[in-house]
Amino acid sequence: ISQPQAKSKQRTFFLFDHQVVFCKKDLLRRDILYYKSRIDTDSMDVVDVEDGKDKDFNISVKNAFKLQNKFTNEIHLFCAKKSSVKQRWLQAFENERKQVQLDKETGFAITEVQKKQAMMNAKKSHPAGKPKGLLTRCFVRGNIAAVHIGVLYW
C-alpha cells in the first residue's frame, strides 16, 4: 500500500462462522478457485470507517470498513464500490458474530465425524459457476492487508 506502484491481487472472499476465506482464480480457467488463506473472525473487531483519508493505510477510502485484530496490529481494510454493499457486509459480519454467540450459548458443536464427512463432500466435484463472494481485490504489505470490494479509487 505504501508504494503507489503496488500491484493488486484479485481474490474472492467468503464469510463463514469464525472465518473469512479467500481464494484466487485460476489464470487460465477463470471458473476455478484456489484456496489462499483465511482470516479468523473470532480475534477480529469490525470497524466502520468514515469516507476520507485512512490513518492506518494513508490512502483515501470510500465505503470502507476494517477488520482489526484484538491482540496484534493486524488490520484488513475493505472498500465497497457502493454504500449498500458495505452495509450488507457489515450486517453479514454482525449476523455471523450473533450466530457464533448463539451457538456457544446453546452448546452447539460439530462432531469429528461430521467434520470428516464435510471434508469428503468438499472434495467431490461441484458444478462450475460464478462464485457468490464479491470482495475482489487484495493488497498485502507485511502484517497489514488491504482488501477491496470492487474497483479501487486512487
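Any value given below was found using the heavy atoms of this structure, including those in side chains, with hydrogens, waters and symmetry copies removed. Treat the numbers as computed from the prediction; the structure is a model and nothing was measured.
Salt-bridge annotation for Asp42 and Arg97: present, with a side-chain N of the basic residue lying under 4.0 Å from a carboxylate O of the acidic one.
Proximity of a side-chain donor or acceptor of Gln114 to a complementary backbone N or O of Thr111 within less than 3.5 Å is detected.
Here the NZ atom belonging to Lys115 is positioned 7.0 Å from the CD1 atom belonging to Ile110, to the nearest 0.5 angstrom. Here CZ of Phe22 is found 5.5 Å from CD1 of Ile39. Values are rounded to the nearest 0.5 Å. In this structure, CG in Asp40 is found 9.0 Å from CD in Glu74, a value given to the nearest 0.5 Å. In this structure, CG in Asp103 is found 4.5 Å from CD in Gln99, a value given to the nearest 0.5 Å. To the nearest 0.5 angstrom, Ser37 atom OG is 10.0 Å from Gln19 atom CD.
With sequence neighbours left out, the salt bridge (charged side-chain N to carboxylate O under 4.0 Å, His left out) criterion links Glu105 to no other residue. By the side chain to side chain contact (heavy atoms under 4.5 Å, CB included) test, Asp48 pairs with Lys86, Leu90, sequence neighbours left out. For Lys116, there are no salt bridge (charged side-chain N to carboxylate O under 4.0 Å, His left out) partners at least two apart in sequence or on another chain. With sequence neighbours excluded, the residues that form a side chain to side chain contact (heavy atoms under 4.5 Å, CB included) with Gln91 are Glu94, Asn95. Legend: residues meeting side chain to side chain contact (heavy atoms under 4.5 Å, CB included) with Asp51, ordered by chain and number and at least two apart, are Lys62, Asn63.
The hydrophobic cluster around Phe71 extends to none of the other residues, as no ILVMFWY side-chain heavy atom falls under 4.5 Å of it.
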Dump the intermediate steps for side chain to side chain contact (heavy atoms under 4.5 Å, CB included) on Val46 and Trp89, then the final yes or no.
CA-CA 10 Å; Val46 178; Trp89 277 99; over 6 Å; no
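Annotation for Lys104: atom NZ does not count as buried by contact number, only 12 or fewer foreign heavy atoms lying within 6.0 Å.
Residue Val100 is not grouped with residue Met44 when hydrophobic side chains (ILVMFWY) are merged at heavy-atom distances under 4.5 angstrom, including chains of intermediate members. Grouping the Ile, Leu, Val, Met, Phe, Trp and Tyr side chains by contacts below 4.5 angstrom, directly or via other members, places Val20 with Val85.
Taking every heavy atom of both residues into account, Asp54 and Phe57 meet most closely at OD2-N, 2.8 Å. In terms of heavy-atom proximity, Val49 sits nearest to Lys66 at CG2-CG, 3.6 Å. Of all the heavy atoms in Cys23 and Leu33, the pair that sits closest is CB-CB, 3.9 Å.
Note: Phe13 and Phe78 have perpendicular aromatic rings, judged against thresholds of 30 and 60 degrees for the angle between ring planes.
A heavy-atom distance below 4.5 Å is found between the side chains of Glu96 and Asp17. With a 4.5 Å cut-off on side-chain heavy atoms, Leu102 and Phe108 do not count as touching.
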